[in-house]
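All of these numbers come straight from a predicted model, not from anything done at the bench.
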Amino acid sequence: MASTPAPPQAPPKPTWDPRRPAPPLPWLRPTIRIRLTLLYGGMFLIAGILLLSIIYLIAAQALNVGSELPFKITEGRVTSDICSNLPSSGTSDVMNKAMDRCVNDQRQHALDDLLSRSLLALLGLAIIAFAFGYAMAGRVLSPLGRILRTARAVAGSDLSRRIELDGPDDELKELADTFDDMLERLERAFTAQQRFVGNASHELRTPLAINRTLLEVHLSDPGAPVELQQLGKTLLATNERSEQLVEGLLLLARSDNQIVERKPVDLAEVAEQAVDQVHGEAVAKGVAIRGEQKSAVVQGNGVLLERIALNLVQNAVRYNVAEGGWVEVTTEIQHGQAVLTVSNTGPVVPAYEVDNLFEPFKRLRGADRTGSDKGVGLGLSIVRSVARAHGGHISAQPREGGGLVMRVTLPV
């Protein structure tokens, strides 16, 4: 009879624990608490030893001076250089009382001298202790400064920075290592998100380009029915809008990164090119474009900076009044920073809804911009993302009577 095979055994459980292993003797770990205790306890002990030594030397000198008699007997008469009121002759009681007063005066003089010198020594030691404590505190807290500088660099969209703190295995090193692990996970998450958006945008380009080509071929047929041509034009406009959306998503994914390669770019030239590109649309809508563009050179990516100016000017022209509208575009240097300002007439914008303008696919009063024929709803989101990537920021303020004042500030 054949034996029944034994059921397969479950695989062994992993023995590796991803958590930080505990030290064998945790009370011997050089923690910050133990290091500060030893540091300040040692400083206090050293200061006390120095103070006692100084007081001992001063007291020894005072006792040496106080051991000498403040008077002397010369030819049966008592004379003194310290006690001026010592009588030279008299009865024994008078002379004894006078000599006692003289000795007490000399003792008091020695004690006063000891007190004054001790106070001076204490003041000197206090100054030295504060200076030494300040230097030691700076040395102990220097890892916190390194962590703070790295956190500021990360806040500027540079997720590749790491602290990499070396030194004793204390709480600060553990904090720095934890912060580095968190930054690594954040960088992977942001990179994966941007890669996904970029890949999806690239993959969507091909079918949209094919659809556009097919629609253009059908529309070029003069024998096509009118209804079919109208449908083709509608589908072509929808396809063009989808292409703009894909291009906007791709640019938004690119601009979320920190700009690595920077070149000198004049905002005045960027603004002039944007005005030239929007000039035809502005004339068709009856919007006048004005403003003075002064030279303002910044370090950045020229293509992305041009997109900032183009998006702002396009929005200012498209979201304007029906008649008598204007757009003002200026560039200048203010307080050591390059400033691009785009102002326009237009509908009244409540101040509490200004922040919604910079959100993707959002428009005023919480409605989606995806259904508007004025854009795909990514223009101001791209502007904010590009400005942040260049170390700058954008602000918007409602104008009195309608319209907005958009101000982009970039470091020179």
Side-chain angles (χ1 to χ4, degrees), residues 144-164 179-180 182-195 197-198 248-274 293-316 329-343 354-355 357-360 378-397 404-412:
L144 288 180
R146 189 171 174 179
I147 296 175
L148 178 61
R149 290 190 295 272
T150 305
R152 287 177 178 174
V154 171
S157 302
D158 187 8
L159 292 176
S160 62
R161 294 288 298 272
R162 296 293 184 271
I163 301 175
E164 297 179 354
F179 193 74
D180 286 343
M182 181 187 66
L183 290 180
E184 186 176 356
R185 295 185 61 185
L186 286 176
E187 185 181 14
R188 289 200 303 265
F190 276 97
T191 303
Q193 180 184 10
Q194 292 167 1
R195 187 185 300 113
V197 174
L249 289 173
L250 182 59
L251 181 61
L252 186 61
R254 285 178 52 199
S255 59
D256 278 338
N257 292 323
Q258 188 77 8
I259 305 300
V260 178
E261 296 182 359
R262 296 174 179 264
K263 297 180 180 180
V265 180
D266 193 347
L267 286 185
E269 297 180 0
V270 170
E272 291 175 358
Q273 292 179 4
Q293 290 86 40
K294 299 180 181 179
S295 178
V297 180
V298 299
Q299 298 291 328
N301 186 289
V303 177
L304 295 179
L305 292 176
E306 183 179 350
R307 182 54 68 96
I308 285 183
L310 181 60
N311 287 358
L312 290 180
V313 177
Q314 281 182 343
N315 282 351
V329 183
T330 61
T331 58
E332 57 184 339
I333 299 292
Q334 291 183 357
H335 308 292
Q337 292 184 323
V339 180
L340 168 64
T341 306
V342 179
S343 307
V354 170
D355 292 339
L357 298 175
F358 298 97
E359 297 298 328
L378 291 175
L380 293 181
S381 301
I382 293 174
V383 170
R384 181 178 62 177
S385 180
V386 173
R388 287 179 175 176
H390 284 80
H393 66 277
I394 179 174
S395 61
Q397 294 180 350
L404 289 171
V405 178
M406 294 286 185
R407 183 174 288 104
V408 179
T409 304
L410 299 173
V412 177

Atom pair [atom1]/[atom2] of [X] and [Y] - distance to nearest 0.5 Å:
X      : Y      : atom1 : atom2 : answer
Ile333 : Leu267 : CD1   : CG    : 7.5 Å
Leu312 : Ile382 : CG    : CD1   : 11.0 Å
Leu357 : Leu404 : CG    : CG    : 6.0 Å
Leu305 : Gln299 : CG    : CD    : 10.5 Å
Phe358 : Ser385 : CZ    : OG    : 12.5 Å
Glu272 : Glu306 : CD    : CD    : 12.0 Å

Give a yes or no on whether the backbone of [Y] and the side-chain of [X] come within a donor-acceptor separation of less than 3.5 Å.
X      : Y      : answer
Arg384 : Ile394 : no
Asp180 : Arg162 : no
Gln293 : Val329 : yes

For [X] and [Y], which heavy atoms make the closest approach, and how far apart are they?
X      : Y      : answer
Ala387 : Val408 : CB-CG1, 4.3 Å
Ala316 : Val342 : CB-CG1, 3.8 Å
Val339 : Arg407 : CG1-CG, 3.5 Å
His390 : Leu304 : CE1-CB, 4.1 Å
Val412 : Ala338 : CG2-N, 3.6 Å
Ala271 : Ala309 : CA-CB, 4.2 Å

Query raised in the report: Can you check side-chain contact (heavy atoms from CB on, under 4.5 Å) on Gln273 and Leu310, steps first, answer last?
Result: CA-CA 8 Å; Gln273 292 179 4; Leu310 181 60; over 6 Å; no

Report summary line: Test side chain to side chain contact (heavy atoms under 4.5 Å, CB included), reference Ile163, set Leu148, Leu183, Ile147, output is Ile147

Query raised in the report: Quick one: which of Asn311, Val383, Leu380 gives a side chain to side chain contact (heavy atoms under 4.5 Å, CB included) with Met406?
Result: Leu380

Query raised in the report: Does atom CZ of Arg185 have more than 12 heavy-atom neighbours, drawn from other residues, nucleotides or ligands, at distances under 6.0 Å?
Result: no

